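Here is the structure we will look at.
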Amino acid sequence: MKKNLFIGSTLAALLIALGLGQGILEKKAEAQAQGNKIQVPRFEVDPTFPKPLPNHWYQGMSIGVGVDANDHIWIVHRPDSVNAIEAAEDSKTGTCCQKAPPILEFAQDGTLLRHWGGQDGDGYQWPGSNHGITIDHKGNVWIGGNGQGDGMVLKFTQDGKFLMQVGKKGVPIDSNSTEHFGMVAKISIDKKENEAYISDGYGNKRVVVLDADTGKFKRYWGAYGNKPDDTNLGRYNPDAPVAQQFRTPVHCAEMSVDRMVYVCDRVNDRIQVFTPEGKFVKEAWVSKRTLGDGSTWDIAFSNDPQQKFIYLADGKDEKVWILDRQSLEILTSFGDGGKMPGQFYAVHSIATDSKGNIYTTETYDGRRLQRFLYKGMQSVTKGEDQGTVWPTKSTK
């Protein structure tokens, strides 16, 4: 009898101990999970933006987006990338559709405002392949070009009046030229010093800084601040020693509020950070094993005073990564591959407006502009991918 009582009490003690242990483990796991929770911006796709284009216009590969001081959204696309069916009205073989002009400006409600461009003009050559668009602090519109032999950048008023061409067409690749470029991806502007930062680009392998008024070359640099070298590095291998030069394309060079320059070394899957003088500061890889087109296509900063977050467009993995700007650590991501709102097909360019909303354009067969509305902050598990950020409420 005593033996049975002893066994029973022992089993009861074990069960209680197991229960307590399980509770402790659960609380520990819960605490660890809570410890991995972070605050990040929350976005929802706006499926009503923009409004349909007028005139049966068809949008081609969309390879640049910018926002001006009035929160108007500007894009540049490639009209000649549409096919014969999509341009049947142009060829008089059908009633739909026509190629839209390459430069398009949209109001906040999605209405098309201005449209122009696409032809050579007095004193300038239009790129063989438009690429990138930026509206500077004076309201001027800058574009580049990554067509074969496109060695220039162009500057216009918002009405399309020509202001300046730097460089020219039909020039060789030369990452140490001070007269022309080599297939420019994008231009960004430093308001304080009135300088233009050129992502140069699809042929050359460097960042160039110009006087934004005169177009005078001031300085340039390659990866790690090295002198650029046009040697073909071959295909990117994530297991090889890190490349000491940029691979093409050098796809963005954006200055933050604390005057750091963030460069998209796209095919190397990395962001490199420099001082305005070209001194290397730090680097980080994003989706380091991404091959082919690479992962670091374009960046925009959050609109808080400290620009705490980087929004990184990744057209290969079809998402927008959100990084802590100071540490370059990945916090979360959103998006997925597809043609539905909130999904991506080669998300190429990214910009933000004064309200914190994100705008993206897509190249290849994506060929569209999307808006992602800023909805405040949210708690997510660090590193979590949010997928398609569909509206939580009806848009009606």
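The figures that follow rest on heavy atoms only: side chains count, while hydrogens, waters and symmetry mates do not. Predicted model, so just to flag it, every value in this text is computed and none were measured.
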Not counting sequence neighbours, which residues clear salt bridge (Lys or Arg N to Asp or Glu O under 4.0 Å) with Arg367? List them please. Glu86

Using the six-membered ring wherever Trp is involved, compare the ring planes of His348 and His251 and label them parallel, tilted or perpendicular (cut-offs 30° and 60°). perpendicular

How about Gln378: does its CD atom have over 12 heavy atoms from other parts shown lying under 6.0 Å from it? yes

Think Lys355 forms a cation-pi with Tyr374, using NZ or CZ under 6.0 Å from the six-ring centre and within 45 degrees of its axis? no

Report whether Ile103 and Tyr124 are members of the same hydrophobic cluster (ILVMFWY, side-chain heavy atoms less than 4.5 Å apart, transitive linking). yes

Is it true that atom CD of Gln148 has more than 12 heavy atoms of other residues, nucleotides or ligands lying nearer than 6.0 Å? no

Between Ile135 and Val67, is any pair of side-chain heavy atoms under 4.5 Å apart? no

Is it the case that more than 12 heavy atoms not belonging to Lys161 sit under 6.0 Å from its NZ atom? no

Show every salt bridge (Lys or Arg N to Asp or Glu O under 4.0 Å) that has at least one partner inside residues 92-102, sequence neighbours left out. Asp80-Lys99

Assigning hydrophobic clusters by single linkage (Ile, Leu, Val, Met, Phe, Trp, Tyr; side-chain heavy-atom cutoff under 4.5 Å), is Leu331 placed with Trp321? no

Indicate yes or no: does Asp269 engage Lys316 in a salt bridge with an N to O separation below 4.0 Å. no

Return the NZ to OG distance between Lys205 and Ser199, rounded to the nearest 0.5 Å. 16.0 Å

Less than 4.0 Å between a side-chain N and a carboxylate O, is that true for Asp136 and Lys191? no

Taking Arg114 first and then Asp159, would you say they form a salt bridge - that is, a charged N and a carboxylate O separated by under 4.0 Å? yes

SB check Asp265 Arg270 (cutoff 4.0 Å): yes

Hey, is CD on Gln119 packed in by over 12 heavy atoms from elsewhere, all under 6.0 Å? no

Is a salt bridge present between Lys339 and Glu362, judged by a nitrogen-to-oxygen distance below 4.0 Å? no

Does the gap between the ring centers of Tyr197 and Phe274 come in under 6.0 Å? no

Measuring from atom CD1 of Ile187 to atom OG1 of Thr134, what distance do you get when rounded to the nearest 0.5 angstrom? 6.0 Å

Tell me whether Trp74 is reachable from Ile189 by hopping between hydrophobic residues (I, L, V, M, F, W, Y) whose side-chain heavy atoms are closer than 4.5 Å. no

Give the cluster check for Ile75 versus Ile143: same hydrophobic cluster or not, with ILVMFWY residues linked at side-chain heavy-atom distances below 4.5 Å. no

Restricting to non-hydrogen atoms, name the atom on Ser287 and the atom on Asp317 that form the minimum distance, rounded to 0.1 Å. OG-OD2, 3.0 Å

Geometric class of the Tyr262/Phe301 ring pair [parallel <30°, tilted 30-60°, perpendicular >60°]: perpendicular

Any side-chain heavy-atom pair of Met260 and Gln307 under 4.5 Å: no

To the nearest 0.5 Å, what is the distance between CZ on Phe49 and OH on Tyr359? 5.0 Å

Sole candidate of Phe372, Phe334, Trp390 that passes ring-ring contact (aromatic ring centres under 6.0 Å, His included) when paired with Phe43: Phe334

Let me check something: do Met340 and Ile358 share a hydrophobic cluster, defined by ILVMFWY side-chain heavy atoms less than 4.5 Å apart, either directly or through other members? no

NZ of Lys227: more than 12 outside heavy atoms within 6.0 angstrom? no

Distance in Å, His180 NE2 paired with Asp200 CG, rounded so as to fall on 0.5 Å steps: 9.5 Å

Crowding at CE, Met377 (>12 non-hydrogen neighbours, <6.0 Å): yes

Would you say Leu113 has more than 12 foreign heavy atoms packed within less than 6.0 Å of its CG? yes

Examine the side chains of Asn357 and Arg371 and answer whether a donor and an acceptor come within less than 3.5 Å of each other. no

Student check: side-chain heavy atoms of Asn226 and Gln245 closer than 4.5 Å: yes

Parallel, tilted or perpendicular: which fits the ring planes of Phe156 and Trp126, with parallel below 30° and perpendicular above 60°? tilted

Check ion pair Arg325-Asp258 (N to O, under 4.0 angstrom): yes

With rounding to the nearest 0.5 Å, note down the distance linking OG1 in Thr363 to CG in Asp293. 9.5 Å

Should we say atom CG of Asp122 is surrounded by more than 12 heavy atoms from elsewhere, each under 6.0 Å from it? no

Minimum heavy-atom separation for Gly60 to His77, with atom names? N-ND1, 2.9 Å

